[in-house]
Chemist: 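Below are the structure tokens for one structure; questions will follow.
Note that the coordinates shown come from a computational prediction; the quantities given were computed from them, not determined experimentally. Residue numbers count from 1 along this sequence. All heavy atoms count here, side chains included; hydrogens, waters and symmetry mates do not. All ligand and atom numbering here is 1-based and tracks the order in the structure.
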Amino acid sequence: MVNLKGRDFLTLKDFSQEEIRYLLDLAAELKEKKKQGVPVDTLRGKNVALIFEKTSTRTRCSFEVAAHDLGMGTTYLDPKSSQIGKKESIEDTAKVLGSMFEGIEYRGYGQEIVEELARHADVPVWNGLTNEYHPTQMLADMQTILENFGTLKGIKLVYMGDARYNMGNSYMIACAKMGMDFVACAPKKYFPDQALVDQCLEYAKESGATITLTEDVMEGTKDADVICTDVWVSMGEPDEVWEERIHDLTPYKVTKEVMANGKRGAIFLHCLPSFHDLKTQIGEEMGKRFGLTEMEVTDEVFRSEQSKVFQEAENRMHTIKAVMAATLGA
Ligand code: CP
Ligand code: NVA
């Protein structure tokens, strides 16, 4: 019997396949109830703190809507308005917030920060994205894959692009835990850290997953069920890296040809936000600087039937609700 009450949610490395499956089943149940208008406000009277040292649309809204649906109050701490890090240590912040709130979400930089927060707070701490991991995003992606294919086991998922950052790392862990075939398709210097690969190979022994790292786009994406990518430059990275990333990662753009190389019925996922056109400030700037019309994915693929990115975005809310419900208990 799975019981996650009181647990932190910092990386999927800390969770067994059974526990991840439990969260996905709970998310599906909560989604169904939401669709039917059945209220699930079992956490009424509790409050959660939402710390965002980096910006967000989906994660913040998911935590707020999910918390409110569960009957909880929320306090949002934006990247500028709190004392965290500048005037007050993570340890002191954890003790203060832990005494007022039943749970704390943290989005920010190094994984060690969210881990320190969790060590010093007596309440569950949830990772809303760090440089290294994005575990709540993984639950949403897994839920979307389940909704499209009915299974996770044996699904071939290919991640194209910077595979050594939060999204690439997290996909490799999630696939390794859930018995999937993971492929990181990128130039060698963007492959995930070898220590993490080794750890995932250990999970794979138990789950039946496979892990492949390749520079070859056609070989990597052949017969894929799921092809995913992410922005080429992540939040907090310096502006100077754009040129090199565009040069290195353009061959790994998700195009119609790449999607056609996957299985019939293959789907495209992206955590969003995405530079699939020039209708954003950064997109427009990069368009002008480098003569591009899109970056990690073509607008054609992004808007195609195969693209499930908005289903995936909606699932952020249902899965985050499941994480809070499970770790805070009824
Ligand atoms: N995918 C994701 O985490 O989106 P936000 O940055 O908008 O939260
Ligand atoms: N890799 C991206 C993910 C955004 C959800 C970033 O860290 O900015």
Chemist: I need the full list of ring-ring contact (aromatic ring centres under 6.0 Å, His included) pairs touching residues 174-196, with sequence neighbours left out, sorted by first then second residue.
Modeler: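 For residues 174-196, and leaving out neighbouring residues, there are no ring-ring contact (aromatic ring centres under 6.0 Å, His included) pairs at all.
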Chemist: Check each protein residue for a heavy atom under 4.0 Å from ligand 1 and list those that pass, ordered by chain and number.
Modeler: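 Only Ser56, Thr57, Arg58, Thr59, Arg107, His134, Gln137, Cys271, Leu272, Arg316 have heavy atoms that fall under 4.0 Å of ligand 1, ordered by chain and number.
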Chemist: What atoms of ligand 2 come within less than 4.0 Å of a heavy atom belonging to Met235?
Modeler: 6 (C), 7 (O), 8 (O)
Chemist: Among all protein heavy atoms, pick the one closest to atom 1 (N) of ligand 2 and tell me residue, atom and distance.
Modeler: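 The protein heavy atom lying closest is Asp230 OD2, 2.5 Å.
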Chemist: Does any pair with a residue in residues 283-303 pass ring-ring contact (aromatic ring centres under 6.0 Å, His included), and if so which ones, sequence neighbours excluded?
Modeler: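 Found His276-Phe302, Phe302-Phe310.
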Chemist: Does the distance from a Lys or Arg side-chain N to an Asp or Glu carboxylate O, for Glu285 and Lys288, drop under 4.0 Å?
Modeler: no
Chemist: Pull out every atom of ligand 2 sitting under 4.0 Å from any heavy atom of Asn166, numbered as shown with elements.
Modeler: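 Matching atoms, with element in brackets: 1 (N), 2 (C), 6 (C), 7 (O).
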Chemist: Where on Cys271 is there a heavy atom closer than 4.0 Å to ligand 2, on the side chain, on the backbone, on both, or on neither?
Modeler: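 Side chain only.
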Chemist: Cation-pi check for Phe15 against Arg7: NZ or CZ below 6.0 Å from the six-membered ring centre and within 45 degrees of the axis, yes or no?
Modeler: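 The answer is yes; both the distance and angle limits are met.
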Chemist: Short N/O distance, under 3.5 Å, between Lys54 and ligand 2?
Modeler: no
Chemist: Just grab all the side-chain hydrogen bond (donor to acceptor under 3.5 Å, both in side chains) pairs involving residues 206-220, residues at least two apart or on different chains.
Modeler: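 Only Asp181-Thr210 qualify under side-chain hydrogen bond (donor to acceptor under 3.5 Å, both in side chains).
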Chemist: Look at Glu115 together with Lys13 and state whether they make a salt bridge at an N to O cut-off of under 4.0 Å.
Modeler: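 Salt bridge absent between Glu115 and Lys13.
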Chemist: Tell me yes or no: between the side chains of His270 and Glu296, is some donor less than 3.5 Å from an acceptor?
Modeler: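 Yes, a side-chain donor-acceptor pair sits under 3.5 Å.
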Chemist: Anything under 30° is parallel, anything over 60° is perpendicular, the rest tilted; go ahead and classify Tyr159 against Tyr171.
Modeler: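 If you compare the ring of Tyr159 with that of Tyr171, the planes turn out tilted.
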Chemist: Between Phe52 and Arg60, is there a cation-pi geometry (under 6.0 Å to ring centre, at most 45° from the normal)?
Modeler: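 Judged by the rule (NZ or CZ under 6.0 Å from the ring centre, within 45° of its axis), Arg60 is not positioned above Phe52.
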Chemist: Going by the order shown, which atoms of ligand 2 are within less than 4.0 Å of some heavy atom of Leu272?
Modeler: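 Near Leu272, the atoms of ligand 2 are 5 (C).
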Chemist: Salt-bridge test for Asp225 and Lys263: reply yes if a basic N is under 4.0 Å from a carboxylate O, no otherwise.
Modeler: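 Looking at Lys263 together with Asp225, the answer is yes, because their closest N to O distance falls below 4.0 Å.
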Chemist: Does the residue Thr59 have a heavy-atom contact with ligand 2, meaning some pair of atoms that are separated by less than 4.0 Å?
Modeler: no
Chemist: Need the ligand 2 atom indices (1-based, order shown) with element for anything under 4.0 Å from a heavy-atom of Leu129.
Modeler: 3 (C), 4 (C), 5 (C), 7 (O)
